[in-house]
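To find a chain, count down the sequence lines: A is the first, B the second, and so on, and within it residues start at 1.
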Amino acid sequence: MIARPYGDTLDDGAVQFSFTLPVPEGPLGREAARHLVEKWGFDQVDVVHSHALAEDFSFYVAYGRTATGIDLSTIQVEEATGPSVYTMDEANEIVRTRLGRKVVVVGACTGFDAHTVGIDAIMNMKGYDHHFGLERYPEFEAYNLGAQVPNEKLIDFAVKVKADAILISQVVTQKDVHIQNLTQFIEMLQARGLREQFIVLVGGSRIGNKLAVELGFDGGFGKGTFADHVATFIVDRLLEREA
Amino acid sequence: MTAPVESKLGLPQDRIDQARELAERIARPVNQFIERHTTVSVERATLRLAGADGANAEGVPVPNLVVDQVRDRLEDGALLPYVNALLRTGDTIEGLNQRIAQGFRVDELPLGDRGALERKAEELVESFATHVKARRAWRAACKERYAGKNHSPLLYVIVATGNIHEDVKQARAAVYQGADVVAVIRTTAQSLLDYVPYGATTEGFGGTYATQENFRIMRAALDEEMERHERYIHLTNYASGLCMPEISAMGAIERLDMMLNDSIYGILFRDINMYRTFVDQKFSRMINSFGGIIINTGEDNYLTTSDAVEKAHTVLASQFLNERFARDAGLPPRLMGLGHAFEMDPSIPNGFLWELAQARMAREIFPEHPLKYMPPTKHMTGNIFMGHVQNAMFNFASMATEQGIHLLGMLTEAIHTPFMMDRALSLENARYVMNSMKDFASEIEFKKDGIIVSRAREVLDKTVDFLEVLERIGMMEALEQGLFAEVKRPRDMGKGLEGIQEKGPNYYNPFETWLANELGLTAN
């Protein structure tokens with residue numbers, strides 16, 4: 001199937017835009033905005049609104065139509081977990097009956113990242129959006145080390161508590177600071193011969209499974225992730241290993 | 001902020017008084033600890049007030065160089081050896097700073113005549129006081145000239161490009177769009193640096209380094225915009241982290257108007273040692289008070305980790321504690337921008353009524369304080385259209401409950417640091433809501449024993465209960481047990497612990513003594 005943007009009629013290709021130009025508000029800016037959207041390959045372009053953001057900056061809202069579509073059969077989705085995700089009770093039941101021991105998970109925001117909102121959503125008792133965090137899972141022993149944890153300390157702690165899995169959260173991704181930090185983490189694990197000992201996962205609003213695997217992690221989790229997804233991945237991977 | 005606050009909730013005054021008494025008792029033993037101690041950052045701040053500035057070739061600031069030299073004698077304070085070096089070398093302050101940056105050791109000079117040293121130190125105090133008083137007078141004159149031109153509440157936006165020169169462009173645009181307050185967000189690493197970088201900076205992650213030169217650059221730009229738009233533009237930065245008092249010192253010298261400054265935020269959210277934080281916050285707040293700087297406390301952060309429904313009382317409790325610690329550091333209520341936030345889950349039925357209850361309650365309990373109201377962040381999803389509506393509801397709540405400082409929510413919260421257009425849309429949203437409901441607050445009353453009134457009373461009651469627990473077990477123990485924001489902080493752990501120093505019998509800090517007198521605090 002070929003999918004195109006949908007406004008109010010199948011295949012009309014309607015798209016809305018909003019952007020800023022470093023140009024004073026006025027006829028020149030509006031015309032420039034229209035040409036720009038046309039240059040991107042849209043037709044029937046309509047600049048419906050503009051106003052000044054400063055003396056030399058202006059803001060535009062525009063609509064355009066595209067003939068471009070995408071063949072869905074050519075798309076491959078790379079999610080860390082498949083379509084079926086265990087509920088908290090299911091995950092705990094599997095651990096109890098098939099692993100027969102507690103699963104130890106250590107998590108942290110590493111490097112200079114001070115934003116714990118992601119790791120808290122996955123780990124804290126309370127969880128997020130009515131999905132409890134791993135601390136609430138009776139068959140999991142969860143340690144949330146908080147923010148700005150150096151990679152080395154995280155690894156030391158994981159060794160100390162004999163962790164099964166290490167979770168890293170990275171929210172600040174400006175200038176790709178997270179890439180350097182995540183790469184350093186994997187290199188440290190490898191240098192200490194510990195890479196295979198842990199399931200290592202990374203999450204954050206700008207993190208995907210593809211990027212995570214490229215960097216040498218077992219999986220990556222982006223927007224819309226709950227503890228359920230992370231627990232499912234860890235449980236399945238542990239079962240695989242023990243099989 | 002000027003008119004007296006009308007009581008619409010009928011909160012029991014005896015419960016409010018009780019909460020304030022409890023806060024006073026909780027703070028007392030902490031204050032006793034503070035009195036007996038100094039820290040490396042208090043000493044560096046003192047040196048900065050005296051004029052120490054600059055950095056060596058490796059970027060180590062002069063105040064750090066001096067404190068490192070005298071670290072084993074820090075119980076006497078770091079100022080005297082610096083003043084001694086001034087007298088011994090006969091240098092100007094600039095000359096001495098340069099000399100120290102090139103490796104000169106002030107600790108190797110024998111101390112000269114005590115009387116002469118103290119006279120010179122008092123001269124430096126005098127010159128600092130004169131400078132800051134002139135800055136305050138200038139601010140007062142500008143505010144007088146443009147009286148009535150700011151929005152109420154003040155519209156507060158952030159810039160966060162990492163590059164001070166790009167920040168200036170964003171800030172100028174924000175003023176054009178109607179902002180009253182511009183905060184330069186700091187780079188994410190800065191709170192844990194045990195020094196303040198030197199000079200103008202163009203590289204940062206999620207924000208821009210707080211440096212004295214960056215303060216100066218932004219201050220000059222905003223003063224220009226003030227004259228162009230005939231509206232006083234407030235400049236905000238962060239006196240928090242390991243250099244809390246030093247940043248306050250720089251802010252007082254460069255006439256910043258607001259500082260994020262909390263008595264326990266660093267302990268909970270940056271894992272800074274509690275003793276270090278308590279000592280640092282006191283001196284930092286004394287400087288803020290003398291500089292006429294409004295502090296913004298960080299209660300909104302509790303709700304990013306805890307639930308806004310269940311933990312509303314911890315916000316109010318923290319406001320009482322921040323008020324107490326601020327008062328003990330000489331800050332008047334008009335400089336206490338106590339914080340709170342609009343963080344209810346949007347799916348909760350009547351959630352907006354509960355937000356109104358919390359915001360109005362804070363307004364009535366802290367009537368003279370310019371309350372700092374923070375926008376939704378936790379429940380912003382990346383759906384920018386829904387986000388814009390959430391922000392409109394927040395704007396409504398702020399206006400309906402007469403908040404003082406209104407930090408604008410961005411529709412792109414949780415996606416990126418604000419684009420220029422995000423800020424403009426946000427300001428447009430706020431200006432529309434606030435203009436169209438200008439006198440709304442004075443028109444409404446709340447239903448007696450209705451949802452809003454009952455909720456406010458319930459939160460106040462729970463706050464008193466919570467403060468009673470804190471009083472019984474003690475502040476430090478409560479932090480160890482994780483009673484705030486569900487974060488546990490052992491008292492002998494955390495960053496910056498090694499920077500605490502018990503004051504010796506010969507401890508000398510005429511800046512601290514002078515500020516304490518000036519602010520009407522009882523002498524040590």
Listed partners of Tyr238(B) passing ring-ring contact (aromatic ring centres under 6.0 Å, His included), at least two apart: none

Atom group of Asp271(B) that falls short of 4.5 Å from chain A, counting heavy atoms: neither

Interatomic spacing from CE in Met420(B) to OG in Ser58(A) - rounded to 0.5 Å: 10.0 Å

Contacting region of Leu427(B) [heavy-atom separation from chain A under 4.5 Å]: neither

Enclosure of Glu152(A) CD (heavy-atom neighbours >12, cutoff 6.0 Å): no

Side chain / backbone / both / neither for Ser347(B) at chain A, heavy atoms under 4.5 Å: side chain

Interface residues of residues 14-29 of chain A facing chain B - heavy atom cut-off under 4.5 Å: Gln16(A), Ser18(A), Phe19(A), Thr20(A)

Chain B contact via Ala121(A) - which portion, at a heavy-atom distance below 4.5 Å: neither

Glu480(B) CD: over 12 foreign heavy atoms closer than 6.0 Å: yes

Contacts with chain A made by residues 161-181 of chain B (heavy-atom distance under 4.5 Å), listed by residue number: Thr161(B), Ala173(B), Tyr176(B), Gln177(B)

Winner by heavy-atom pair count (cut-off under 4.5 Å) against chain A, out of Glu310(B), Arg423(B), Lys495(B), Arg270(B): Arg270(B)

Glu428(B) portion near chain A, given a 4.5 angstrom heavy-atom threshold: side chain

Sequence neighbours excluded - side-chain hydrogen bond (donor to acceptor under 3.5 Å, both in side chains) pairs with any residue from residues 206-215 of chain A: none

Candidate pair Arg228(B) and Glu55(A), rule side chain to side chain contact (heavy atoms under 4.5 Å, CB included), full reasoning: CA-CA 12 Å; Arg228(B) 183 177 308 173; Glu55(A) 274 138 31; 3.3 Å; yes

